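In each ligand, atom 1 is the first atom listed, and ligand 1 is the first ligand listed. Treat the numbers as computed from the prediction; the structure is a model and nothing was measured. Residues take their numbers from the sequence shown, with the count starting at 1.
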Amino acid sequence: MDRREFLASAGLAGLVVGAASCVSANKNLYTSRTPKIPKVKVSLDRIVKETVGLRPFRPSGPRSDCEMLGNKTIVHNYGHGGSGWSLSWGTGSIAREKAMATGEKQFAVLGCGVVGIATARLLQERGYEVTIYAKDLPPHVTSSRATGTWSPASRVCDPEKITPAFRETWERACRFSYQTYQNLLGMNDIVSWVDEYSVRNEMAPANLLEDRLVIEGLLPKREWLKRNEHPFRERYVSRLSSMMFNIPSYLHRQLSDFIMFGGKIVVREFTRLEDIDALSEKCVINCTGLGAKALFNDQEITPVSGQLSCLIPQGEVNYKLSTQGGSIIARKDGIYLGGNGIVGNWDTTPSREQTEKVVEAIRQVMDHMRG
Ligand SMILES: Cc1cc2nc3c(=O)[nH]c(=O)nc-3n(C[C@H](O)[C@H](O)[C@H](O)COP(=O)(O)OP(=O)(O)OC[C@H]3O[C@@H](n4cnc5c(N)ncnc54)[C@H](O)[C@@H]3O)c2cc1C
């Protein structure tokens with residue numbers, strides 16, 4: 001059933017359910033055939049970690065041009081907003097083409113987040129020598145504070161700034177990343193497919209960006225579920241097969257591969273362009289994320305902060321869910337609750353109030369779900 005058919009049937013069913021709900025208890029919503037899914041144990045005392053990450057957002061989208069710095073070519077690859085995990089291999093392959101065009105055999109990659117690591121691995125795949133230079137390594141990078149879901153259009157640009165050229169580059173990057181991730185399936189679940197439920201009392205508002213940047217046929221279609229096809233109390237429920245990344249094990253695996261193939265990592269902060277100019281490599285790929293603001297004087301890039309609150313992992317829970325006021329993703333290292341984005345906020349102090357808000361939103365769903 002697609003969204004339109006669902007809305008038509010939900011309209012009729014809603015009258016019946018609406019009237020019935022005045023008198024019926026929650027248990028009457030379900031029959032013995034109603035599907036069950038394992039409940040998340042959601043309470044404040046099970047929160048073991050809270051993090052705030054800063055998405056590197058550029059209204060015009062990720063930067064991918066080249067510039068000369070003295071006798072060096074700088075290939076930019078940063079500013080992925082909320083889609084850096086999803087697009088890392090794709091924009092990395094575009095940066096690799098530009099780097100290879102210089103004819104150099106040794107490359108410097110600045111930055112050791114998901115974008116820098118993917119770019120470095122792609123260069124190694126073609127036999128080049130690569131050194132990663134970075135101020136911070138995982139888990140002290142933005143990439144380690146992400147949700148870890150396939151979301152290639154999330155805060156990737158301002159929807160008003162989508163040009164045909166941007167769309168074409170984005171689609172190329174998206175398709176390349178998607179294929180690369182399929183090749184990583186089955187490796188200790190660093191990448192996996194999961195069910196993602198959207199569970200709401202009201203239809204979610206349209207997302208301009210995610211509605212405009214879609215590739216028909218890339219993912220299986222979202223299914224709208226009828227009352228007897230899901231275990232939730234809420235009225236609008238849909239399910240999508242989606243990809244997720246187990247962030248710590250994924251980054252560990254990619255960095256181990258990088259070292260196994262002869263890569264070097266130098267922990268170093270660059271504060272002046274002269275320090276980059278002094279590197280021995282003649283081509284430098286800039287994957288410094290938000291760090292590019294100060295280092296390359298990028299006036300456009302701005303942080304969009306996002307807080308995650310982590311519950312103790314539950315092996316039996318293996319789905320994602322979003323509802324009004326919050327979302328969860330069950331990773332191997334914990335069940336992550338999130339859902340906010342504050343534009344222009346540089347503060348990475350977690351807010352207890354935000355955790356309480358999202359815990360309450362998810363608890364509302366879990367309390368009434370058939371588990
Ligand atoms: C809460 C949250 C949820 C998210 N969820 C998702 C998601 O589900 N899916 C998705 O696709 N994306 C998601 N994102 C977005 C994604 O995390 C980012 O787009 C991505 O991490 C950016 O990666 P990066 O490698 O460019 O930057 P970073 O991970 O920030 O790495 C930058 C690197 O550059 C180094 N560096 C910076 N400046 C300097 C300097 N001056 N000298 C030396 N080194 C420097 C840093 O030390 C670091 O090593 C999320 C982000 C947040 C905050």
Side-chain angles (χ1 to χ4, degrees), residues 50-58 61-64 76-92 95 108-120 132-157 173-174 177-178 181 191 196 242-247 250-251 254-255 265-273 275-276 279 284-298 301 303-310 320 322 327 329 331 336-342 345 348 350 354 358:
E50 294 165 301
T51 58
V52 177
L54 305 179
R55 301 173 183 91
F57 174 70
R58 299 180 86 240
R63 187 169 177 196
S64 61
H76 293 293
N77 184 16
Y78 71 88
H80 296 67
S83 67
W85 271 87
S86 313
L87 294 177
S88 55
W89 294 102
T91 62
V109 170
L110 301 191
C112 194
V114 68
V115 174
I117 296 170
T119 308
I132 294 179
Y133 298 87
K135 170 164 68 89
D136 302 300
L137 307 180
H140 306 293
V141 291
T142 299
S143 301
S144 297
R145 293 176 203 133
T147 317
T149 191
W150 174 254
S151 60
S154 171
R155 299 174 205 267
V156 69
C157 66
C174 202
S177 271
Y178 182 88
Y181 280 124
V191 177
E196 174 182 334
S242 177
M243 240 191 305
M244 61 169 267
F245 318 115
N246 281 301
I247 289 183
Y250 176 100
L251 291 174
Q254 296 304 333
L255 272 182
I265 299 177
V266 177
V267 176
R268 174 166 174 195
E269 177 170 11
F270 295 88
T271 50
R272 304 172 319 146
L273 293 181
D275 299 336
I276 298 173
L279 292 174
V284 175
I285 301 99
N286 172 28
C287 307
T288 52
L290 204 53
K293 185 170 187 74
L295 194 55
F296 286 89
N297 191 27
D298 184 334
I301 197 165
V304 180
S305 70
Q307 177 165 329
L308 298 178
S309 311
C310 174
K320 290 168 56 184
S322 66
S327 62
I329 178 168
R331 290 185 351 213
Y336 283 79
L337 281 66
N340 72 340
I342 309 174
N345 177 36
T348 54
Q354 169 62 21
V358 75

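Nearest to atom 17 (O) of ligand 1 by heavy-atom distance, out of G113, A146, G92, is A146. Looking at G111, A292, S151, it is G111 that brings a heavy atom closest to atom 34 (O) of ligand 1. Proximity annotation for atom 37 (C) of ligand 1: of T288, T271, V304, T288 comes nearest, heavy atoms only. Distances from atom 23 (O) of ligand 1 to the heavy atoms of P62, G84, S143 put S143 nearest. Nearest to atom 41 (N) of ligand 1 by heavy atom, out of F270, F296, Y133, is F270. Comparing heavy-atom distances from atom 5 (N) of ligand 1 across I132, V266, V141, T147 singles out T147 as nearest. If you check each of T142, T149, V115 against atom 8 (O) of ligand 1, the one with the closest non-hydrogen atom is T149.
Atom 38 (N) of ligand 1 has G291 CA, 3.5 Å as its closest protein atom, hydrogens excluded (heavy atom only). Counting only heavy atoms of the protein, atom 12 (N) of ligand 1 lies nearest to G82 O, 3.0 Å. Looking only at protein heavy atoms, the nearest one to atom 51 (C) of ligand 1 is R55 CG, 3.5 Å. For atom 2 (C) of ligand 1, the closest non-hydrogen atom on the protein side is R145 O, 3.6 Å. Closest protein heavy atom to atom 44 (N) of ligand 1: K135 N, 3.0 Å.
Between W85 and F245, the ring planes lie parallel to each other; the angle is under 30°, not in the 30° to 60° tilted range.
Below 4.0 Å from some heavy atom of G306 lie the following atoms of ligand 1, by number and element: 1 (C). Residue-ligand proximity, S86 to ligand 1, at heavy-atom distances under 4.0 Å covers atoms 9 (N), 10 (C), 11 (O). Under a 4.0 Å criterion applied to the non-hydrogen atoms of D136, ligand 1 contributes the atoms 47 (O), 48 (C), 49 (O). Atoms of ligand 1 found under 4.0 Å from any heavy atom of G53, numbered from 1 in the order shown, are 53 (C). Counting the atoms of ligand 1 from 1 in the order shown, those under 4.0 Å from a heavy atom of G81 are 15 (C), 16 (C), 18 (C), 19 (O). Near V114, with a cut-off below 4.0 Å to any heavy atom, the atoms of ligand 1 are 23 (O), 25 (O). Atoms of ligand 1 lying under 4.0 Å from at least one heavy atom of A134, given by number and element, are 44 (N), 49 (O). Of all atoms in ligand 1, numbered sequentially from 1 with element shown, those under 4.0 Å from a heavy atom of E269 are 42 (N), 43 (C).
Under 4.0 Å from ligand 1, not a single heavy atom of H140 appears. When heavy-atom distances to ligand 1 are checked against a 4.0 Å cut-off, Q307 has no atom that comes that close, whether in backbone or side chain. Only the backbone of C287 comes within 4.0 Å of ligand 1, judged by heavy-atom distances.
Considering both main-chain and side-chain atoms, C112 comes within under 3.5 Å of ligand 1 through a nitrogen or oxygen pair. At least one N or O atom of G148 sits closer than 3.5 Å to an N or O atom of ligand 1.
Counting only distance, with no hydrogens or angles, the side chain of S322 and the backbone of S327 share no donor-acceptor pair below 3.5 Å.
Under the 4.0 angstrom criterion for non-hydrogen atoms, S83 is in contact with ligand 1. Residue contacts with ligand 1 leave out M244, since none of its heavy atoms falls under 4.0 Å from the ligand.
Looking at heavy atoms from C-beta onward, F296 lies in side-chain contact with I276 at the 4.5 angstrom threshold.
Here the closest non-hydrogen pair linking S86 and Y181 is O-CE1, 3.9 Å.
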